[in-house]
Amino acid sequence: LVMAGVTYLIRMLPFTLFRRKIKSRFFKSVLYYIPFAVLSAMTFPSIFYATGNTVTAAVGTVVAVVLAYFKLPLIVVSVAACAVAFVTGLFI
């Protein structure tokens with residue numbers, strides 16, 4: 001019952017607090033980027049513990065960031081990052 005009440009409150013509060021349309025550009029941009037920030041905060045730390053070696057994880061992360069910067073597809077970025085981390089692990 002407590003968990004149901006907490007879940008209901010979390011879902012109900014935004015509807016009761018924000019009855020009018022949000023007009024603030026700043027607040028809209030904050031709400032827009034929250035999912036990306038939460039996903040990054042959950043994913044990024046686990047990247048460095050996935051391989052068991054911080055160096056291979058860092059090299060794979062750098063490759064992933066560079067390829068993502070050039071807007072390559074997600075599958076290309078992930079496969080390349082995994083391959084580079086694996087190859088780096090063979091030499092270290």
Side-chain angles (χ1 to χ4, degrees):
L1 285 173
V2 172
M3 195 161 186
V6 169
T7 303
Y8 179 73
L9 282 175
I10 290 172
R11 293 173 187 238
M12 182 200 58
L13 279 176
F15 289 116
T16 58
L17 296 176
F18 305 111
R19 291 180 186 233
R20 288 182 244 138
K21 186 173 180 170
I22 299 171
K23 295 181 182 177
S24 170
R25 287 178 50 179
F26 174 75
F27 198 62
K28 278 184 174 180
S29 68
V30 167
L31 291 175
Y32 178 78
Y33 287 110
I34 283 177
F36 300 110
V38 170
L39 183 63
S40 299
M42 291 186 325
T43 306
F44 197 73
S46 64
I47 290 171
F48 290 104
Y49 297 109
T51 63
N53 187 343
T54 311
V55 175
T56 59
V59 172
T61 303
V62 168
V63 168
V65 168
V66 169
L67 293 178
Y69 177 77
F70 289 113
K71 299 186 188 232
L72 288 163
L74 180 61
I75 189 73
V76 173
V77 172
S78 60
V79 168
C82 291
V84 169
F86 178 73
V87 171
T88 305
L90 293 176
F91 293 112
I92 291 180

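Residue numbers run from 1 in the order of the sequence given. Keep in mind that what you see is a predicted model, and the values were worked out from it rather than measured.
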Ignoring hydrogens, what is the shortest heavy-atom contact between [X] and [Y]? Give both atom names and the distance.
X	Y	result
P45	S40	CD-O, 4.0 Å
A58	F48	CA-CE2, 3.8 Å
L67	A80	CD1-CB, 3.4 Å
S46	T43	OG-O, 2.7 Å
S29	F26	OG-O, 2.7 Å
A81	G60	CB-O, 3.4 Å

Treating Ile, Leu, Val, Met, Phe, Trp and Tyr as nodes and any side-chain heavy-atom pair under 4.5 angstrom as an edge, say whether [X] and [Y] lie in one connected cluster.
X	Y	result
F27	L17	yes
I22	V30	yes
V63	V76	yes
V84	V66	no
V59	V87	no

Apply side-chain contact (heavy atoms from CB on, under 4.5 Å) to the pair L31 and I34, showing each step before the final yes or no. CA-CA 5 Å; L31 291 175; I34 283 177; 4.1 Å; yes
With heavy-atom distances below 4.5 Å as the criterion, would you say the side chains of F36 and L39 are in contact? no
Given side chains that start at C-beta, do those of I10 and T7 come closer than 4.5 Å, heavy atoms only? no
For the pair S78 (side chain) and I75 (backbone), establish whether a donor and an acceptor sit closer than 3.5 Å, ignoring hydrogens and angles. yes
Residues forming a side chain to side chain donor-acceptor pair (under 3.5 Å) with T56, sequence neighbours excluded: T51
Where at least one partner belongs to residues 60-87, residue pairs that pass ring-ring contact (aromatic ring centres under 6.0 Å, His included), sequence neighbours excluded: none
Residue M3 excluded, over 12 heavy atoms near CE under 6.0 Å: no
